[in-house]
Amino acid sequence: MADPGPDPQLPRRDRGSYPPQARSDRGGVTAARHIAHFNWGKLRAPVGDPRVAGFVDAVGRVNAIAERSPGFVWRHGDEMAGAVSIGWPLFARDDRVVASFSVWERPDDLRSFVYNTVHGAFFRRREEWFEPGTRVNYALWWIAPGHVPKMAEARDRVDRLVSDGPSETVFTFDQLGTA
């Protein structure tokens, strides 16, 4: 899905320059580690169905906001194809499962994007577009700056979180104080 650029109806804080500009204003401080984030959910209806259009139609704009947000490093961009290519059963069984895979400099940067931008408004309305699922639908883990995580790494972390619960190697926002 092509990104249409900034939406003039979005709050000003969510309309940055377009296309996103590379940032070099990090103050010369490099984080000792970055945080990888993978989340998933099952849509209430297939992509293209009017029942999920409000969500699907906004994905490009919300991703553009992420890419302009402080601390954003990288996002996969084609999670479904990546997951299917490694035979991830979660994605192979149902084309209504969608995901997002990104890297951020600091947990607070990710948290701010998730809850304090227009993404937060969509997050608060998630019951309209997503089926209720398990309590955990995302995984976080530390990575070295410059490391680009692969889909197999995300699968491994998600599988560990689902089977064993939070640990030092995979966790949720709730454990960040101890991870």
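Numbers for residues simply follow the sequence, beginning at 1.
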Exercise for review: Tell me, please, which residues at least two apart from Asp159 pass side chain to side chain donor-acceptor pair (under 3.5 Å).
Suggested key: none

Revision key, fill the gap. Contacts of Arg111 meeting side chain to side chain donor-acceptor pair (under 3.5 Å) (sequence neighbours excluded), chain-then-number -> none

Practice item. Quick one: pull up OG in Ser167 and CH2 in Trp141 and give me the separation to the nearest 0.5 Å. Key: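 If we round to the nearest 0.5 Å, Ser167:OG and Trp141:CH2 are 12.0 Å apart.
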
Review point. Yes or no on side-chain contact (heavy atoms from CB on, under 4.5 Å) for Lys42 and Asp94, after CA distance, side-chain angles and deciding distance?
Key: CA-CA 8 Å; Lys42 183 175 181 178; Asp94 194 335; 2.6 Å; yes

**Study point:** Any donor-acceptor N or O pair under 3.5 Å, side chains Thr169, Arg160
**Key:**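 Note: Thr169 and Arg160 side chains meet the donor-acceptor criterion.
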
Check your understanding: Applying salt bridge (Lys or Arg N to Asp or Glu O under 4.0 Å), which residue pairs with at least one partner in residues 112-127 are found, sequence neighbours left out?
Key ->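 For residues 112-127, and leaving out neighbouring residues, the salt bridge (Lys or Arg N to Asp or Glu O under 4.0 Å) pairs sorted by first residue read Arg125-Glu128.
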
Testing the basics here: between [X] and [Y], what is the closest heavy-atom pair and its distance to 0.1 Å?
{"X": "Trp104", "Y": "Ser69", "value": "CZ3-CB, 3.9 Å"}
{"X": "Gly71", "Y": "Arg106", "value": "CA-NH2, 4.4 Å"}
{"X": "Phe72", "Y": "Ala66", "value": "CB-O, 3.2 Å"}
{"X": "Arg44", "Y": "Pro132", "value": "NH2-CD, 3.9 Å"}
{"X": "Ile143", "Y": "Pro149", "value": "CD1-CD, 4.1 Å"}

**Study point:** Residue among Phe171, Phe38, Phe173, Phe101 satisfying ring-ring contact (aromatic ring centres under 6.0 Å, His included) with Tyr138
**Key:** Phe173

Check your understanding: Only one of Phe113, Phe130, Trp129 clears ring-ring contact (aromatic ring centres under 6.0 Å, His included) with Phe122; which?
Key ->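 Filter result, single survivor: Trp129.
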
Ignoring hydrogens and angles, tell me if any N or O in the side chain of [X] forms a donor-acceptor pair with the backbone of [Y] under 3.5 Å.
{"X": "His119", "Y": "Val114", "value": "yes"}
{"X": "Arg96", "Y": "Leu43", "value": "yes"}
{"X": "Gln175", "Y": "Thr172", "value": "yes"}

Any side-chain heavy atom of [X] within less than 4.5 Å of one from [Y]?
{"X": "Val158", "Y": "Val170", "result": "no"}
{"X": "Arg155", "Y": "Pro89", "result": "yes"}
{"X": "Trp74", "Y": "His34", "result": "no"}

